[in-house]
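Remember, it's 1-based here, ligands and their atoms both numbered in the order they're listed.
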Amino acid sequence: MILTLSSRALLTALDREHPEWRPLLAVVEEAMREAQRPDWARVVPTPGHSGEGGRPLLDGAVISVAPRLVRRWLRRILGIAASAGTDVRPLATAMAARRVDPLVVLETAVSQDVSRLDHLARTLDDDRGVLRGLAPLIARPVLQACRRAWTSRVPEIWAWGHCPICGGWPAVAEIRGLGGSRHLRCGACGSDWRTEWLRCSFCGQDDHEQLGSLASAESLAREAIAVCDGCNGYVKTITTLAPIRPEHVILQDLGSCVLDVVALERGYRRPPATGRGVAVSIVVTRSRLRDVLGLRP
Ligand SMILES: [Zn+2]
Ligand SMILES: [Zn+2]
């Protein structure tokens, strides 16, 4: 799969500005490329509900995949990470020795469940946080495919701070177009939902005395940080003329890291866990040929 010219230009610009990020950018690029494969579009199920009560569409999903697709993807991302200089040996060894089911790794990553990820990492002797770091990228092909298929199913009014597709917290907020509408953007699946100006995405705080805005000396006038003194959360805010492409939200998030530094220096944090937990089951797809032959998947 070939990346679009604009994706390539953004990756090249990030690489030039932050050569120390090269190991990370190598796996981000590979995950962007993998998410374009049509194989992943075929695993997206029909959502079992309509998102009532702020329930992300992914919650309760049963996703059937061919194990070879997952095995190939995990081998590929671990290989790219290793060649870029990341020590992935505990994970790669466990995979090669079949001590871990690739479907369990994918399911845990797609669920974005931090405690489950940490538990899995401990069982694999991954004490450097490699699985935790790679999980959003491992999950990316599934999450992006779900977003592509389900965008029209997102309720028109989504008053919640978490993503209507995957339940993640927003990576950035966009102040868009001449009208200046405010949209939250999910870095994991790329989704886009409109939100109120004066409301904290994380705790729902709407007391204007608890909400504020920061900017850094180096940031452009089009960038700021919306902060909440109720929960100490922050979300980076970028003014745009046209919507950020869904697959580029992750790159915009990385490219605006100067804002993260400012927010962290002032004592604000991104919440560590995902916005609304989702329960997802990844199961082996049923092969009609295997059924006929009576073979186990
Ligand atoms: Zn999402
Ligand atoms: Zn808050």
Side-chain angles (χ1 to χ4, degrees), residues 28 31-32 35 40 44-45 47 49 51 54-61 63 106-107 109-114 135-155 158-174 182-214 224-237 243-253 263-264 266-280:
V28 167
M32 289 177 72
W40 294 104
V44 177
H49 59 92
R55 188 179 177 195
L57 293 179
L58 192 62
D59 189 35
I63 300 174
L106 182 65
E107 180 180 283
V110 169
S111 303
Q112 305 179 69
D113 182 334
V114 173
L137 299 171
I138 290 171
R140 189 173 174 89
V142 172
L143 297 181
Q144 294 274 325
C146 288
R147 186 261 310 155
R148 278 194 289 268
W150 294 347
T151 294
S152 61
R153 294 174 181 267
V154 171
W158 186 263
W160 313 86
H162 59 268
C163 170
I165 304 276
C166 75
W169 287 126
V172 295
E174 244 185 300
R182 186 170 190 260
H183 296 247
L184 296 174
R185 303 301 306 270
C186 176
C189 75
S191 78
D192 174 338
W193 65 107
R194 194 164 172 165
T195 180
E196 292 175 36
W197 272 83
L198 284 174
R199 181 184 290 274
C200 171
S201 311
F202 307 118
C203 70
Q205 177 66 260
D206 58 2
D207 177 353
H208 66 91
E209 294 200 352
Q210 295 284 308
L211 303 171
S213 180
L214 307 174
I225 310 156
V227 298
C228 170
D229 288 325
C231 67
N232 280 337
Y234 75 91
V235 64
K236 298 182 288 186
T237 303
I244 298 169
R245 291 172 61 151
E247 64 273 25
H248 290 173
V249 176
I250 186 175
L251 302 180
Q252 291 285 348
D253 187 12
L264 292 169
R266 309 275 180 94
Y268 295 99
R269 296 279 180 275
R270 290 198 203 200
T274 194
R276 177 75 74 95
V278 294
V280 179

What's the verdict on side chain to side chain contact (heavy atoms under 4.5 Å, CB included) for Val110 and Leu143, showing C-alpha distance, side-chain angles and the deciding distance?
-> CA-CA 7 Å; Val110 169; Leu143 297 181; 4.0 Å; yes

Parallel, tilted or perpendicular, as decided by the 30° and 60° cut-offs, for the rings of Trp160 and His162 | tilted

Under 3.5 Å: donor-acceptor pair, side chain of Thr274, backbone of Gly167 | yes

Might you work through the salt bridge (Lys or Arg N to Asp or Glu O under 4.0 Å) test for Asp207 and Arg199, ending with a clear yes or no?
-> CA-CA 8 Å; Asp207 177 353; Arg199 181 184 290 274; over 6 Å; no

If you stand at the Zn ion (ligand 2) and look out to SG of Cys203 and SG of Cys200, what angle do those two lines make, to 10°?
-> 110°

About how large, to 10 degrees, is the angle SG of Cys163, then the Zn ion (ligand 1), then SG of Cys166?
-> 110°

Apex the Zn ion (ligand 1); atoms Cys189 SG and Cys186 SG; angle rounded to 10 degrees = 110°

